[in-house]
Amino acid sequence: MQRQVALIKQSLFDQGYLDEQFMELEELQDDVNPNFVEEVATLYFKDSARLINSIDQALERGSFDFNRLDNYMHQFKGSSTSIGASKVKTECTMFREYCRMGNAEGCLRTFQQVKKEHATLRKKLEHYFQLARQAGPKETARRSK
Amino acid sequence: MADEVPSLAESKLTALVVDDNFVNQTMHHKLLDRLGIQNDVVCNGQEAVDVHCSGRNYDLILMDMEMPILNGIQATKRLREMGIESKIAGVTTRANEGDKKEFMEAGLNDFQEKPLTISKLLSILHRLDFYVQT
């Protein structure tokens, strides 16, 4: 079971969903906070869902306030970078480029990609954390304090 | 790398995390915790100013640049005007040279690009003469 968990995690890196920043998160996990990574990921998905909703609403209104959209996406990109969500980060960067160019169509198109990558990562990480919990403390707590 | 992380618990250092992003707040808080640095967290530059007005003081302030109400540049200037001599390290993802220069000129002691990691935080502490070998 633990081997399966390790393989799943490795595949997330190999397929580019996660980058080395995720490993920095894991380094902060210990016996005091054995679920730190999952807690941060949960916080990320909650916060980013809020941002997605805000951007969705702004775009549905036909409101292309590119400054405002860029500010939302700056937040989103920042969080994504902090947890190592590599593909999401890349799409956020593309969206911000279109904001800078004032390209509404590009924003709309890229935002669909942002949501797609976000949803994919969420699903994969939820599966990974579920298995990690089942596998037991060896995979969830990285180090003793 | 994790086995080599020094503990600064004996030094009783204190720090303030100033960031409007919940994920970054959590991470920076934990990073400081890991190094034995007692720390508080606020959500923007105005809260950072307010907490100092209430009489609190910190050895180190990790200051984000882009924040609502009062951003990092404005907050840094305000704190220096108030006579706050804490070491202030700017942390931001917006790191073009112009932004960095403006942020440094506001009164920073150091600057680091996000995302912060243990090694980047240790680097800040070392450059600001907080690093203690245990």
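If you're wondering where the values come from, they're calculated on a predicted model, not measured in any experiment.
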Practice item. Evaluate side chain to side chain contact (heavy atoms under 4.5 Å, CB included) for A/Glu20 paired with B/Thr117, printing each intermediate quantity in order. Key: CA-CA 11 Å; A/Glu20 63 278 0; B/Thr117 60; over 6 Å; no

Check your understanding: Can you check side chain to side chain contact (heavy atoms under 4.5 Å, CB included) on B/Ile118 and A/Leu28, steps first, answer last?
Key -> CA-CA 9 Å; B/Ile118 288 179; A/Leu28 297 176; 3.9 Å; yes

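Between A/Glu39 and B/Thr26, the closest side-chain pair of non-hydrogen atoms is not below 4.5 Å. Using a 4.5 Å heavy-atom cutoff, the side chains of A/Leu25 and B/Met27 are in contact.
In plain terms, the two heavy atoms of A/Ser79 and B/Asn21 that are nearest each other are OG-ND2, 2.7 Å. Closest approach of A/Val40 and B/Val23 over heavy atoms only: CG1-CG1, 4.1 Å. Looking at every heavy atom in both residues, B/Pro115 comes nearest to A/Ser82 through CB-CA, 4.0 Å.
In this structure, A/Met1 is a member of the same hydrophobic cluster as A/Tyr128, with clusters built from ILVMFWY side-chain heavy atoms closer than 4.5 Å. No path of Ile, Leu, Val, Met, Phe, Trp and Tyr side chains, each step under 4.5 Å between heavy atoms, connects A/Tyr98 with A/Phe76, placing them in separate hydrophobic clusters. Following chains of ILVMFWY side-chain contacts shorter than 4.5 Å, one can reach A/Leu108 starting from A/Tyr72, so the two form part of one hydrophobic cluster. No continuous path of hydrophobic side-chain contacts links A/Ile55 to A/Met94 [ILVMFWY only; heavy atoms under 4.5 Å].
Annotation: the span from A/Thr81 atom OG1 to B/Lys114 atom NZ amounts to 9.5 Å, rounded to 0.5 Å.
For B/Leu116, the part sitting under 4.5 Å from any heavy atom of chain A is the backbone (N, CA, C, O) and nothing else. In this structure, chain B has a heavy atom under 4.5 Å from the side chain of A/Gln21, while its backbone stays farther away.
Enclosure of atom CD in A/Glu105 is not indicated, since only 12 or fewer non-hydrogen atoms of other residues, nucleotides or ligands lie within 6.0 angstrom. Annotation: A/Lys115, atom NZ; neighbour count of heavy atoms from other residues, nucleotides and ligands within 6.0 Å is above 12. Heavy atoms from other residues, nucleotides or ligands lying under 6.0 Å from CD of B/Gln38 number 12 at most. By the neighbour-count criterion of 12 heavy atoms within 6.0 Å, atom CZ of A/Phe66 is densely surrounded, having more than that number from other residues, nucleotides or ligands.
When only modelled atom types and interatomic distance are considered, A/Gln75 and B/Asp20 share a side-chain donor-acceptor pair under 3.5 Å.
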